[in-house]
Structure formats: structure tokens, C-alpha cells
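Each residue takes its place number in the sequence, starting with 1. Since the model is a prediction, treat every value here as computed from it, not as a measurement.
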Amino acid sequence: MQALLVVVIVAIAGGIGGLSGSVGVIIVSLLTVIMAWALWAVLSFVIGTTILKTPETDCNWWQMVRTTGFARLLAS
């Protein structure tokens, strides 16, 4: 939930600072950022736990979601 909250706050801030800051822009920004975050988390998880897996690999879905959520904050 922390990571989702961070992603939502970043999306709202981006929408406010965007073109006009209207409610429509904020909603579209919010949905786009959440979908992109989820897609990136899935892609990173699948690649990291299948293609690039080593004997030491220890990762679950929630670890990846949280890590990529906080990384989204730093990328903005």
C-alpha cells in the first residue's frame, strides 16, 4: 500500500504540473502512471525470476511492486 500511495501522489503531482492541471488531466495521468507501474513491475518480475534467475534469486511479487513503486518516485 505504501508503494501504491507513492505512485498515486506522484501521478497527481504530475497531473497538476501538467498541461492545464484540470481534473481530466489528473485522472488520465493517475491511470496512466498506475498502469505503467504495474506493467513495469510484472515485466521486471518475470524477467528477473525466469530469464535472469540465478541460484541466489529470491524475489516475490510484493517485493517487486514495492521496489518499483518507490523507484517511480525517484524517476519523477
Requested in this report: Nearest 0.5 Å please: distance from the CG atom of L43 over to the OG1 atom of T68.
Outcome: 10.5 Å

Report task. Verify the cluster assignment for V46 and W62: are they in a single hydrophobic cluster under the rule of side-chain heavy atoms below 4.5 Å apart? Result -> yes

Query raised in the report: Looking only at heavy atoms, what is the nearest atom pair of G69 and A3, with distance?
Result: CA-CB, 4.0 Å

Requested in this report: Decide side chain to side chain contact (heavy atoms under 4.5 Å, CB included) for F45 and T50; before the verdict, give the C-alpha distance in whole Å, the side-chain angles of both, and the deciding distance to 0.1 Å.
Outcome: CA-CA 8 Å; F45 180 74; T50 58; over 6 Å; no

**Report entry** hydrophobic_cluster_shared for W61 and V7, side chain cutoff 4.5 Å
**Finding:** yes

Query raised in the report: Is V65 linked to L4 within one hydrophobic cluster, defined over Ile, Leu, Val, Met, Phe, Trp and Tyr using a side-chain heavy-atom separation of less than 4.5 Å?
Result: yes

Report task. With rounding to the nearest 0.5 Å, note down the distance linking CZ in R66 to CG in N60. Result -> 11.5 Å

Requested in this report: Could you go through the side chain to side chain contact (heavy atoms under 4.5 Å, CB included) check for T49 and K53 one step at a time?
Outcome: CA-CA 5 Å; T49 58; K53 185 175 182 173; 5.5 Å; no

Requested in this report: Look at the side chain of T67 and the backbone N and O of M64, then say whether any donor-acceptor pair between them is shorter than 3.5 Å.
Outcome: no

**Report entry** L39-I47 co-clustered via ILVMFWY side chain contacts under 4.5 Å
**Finding:** no

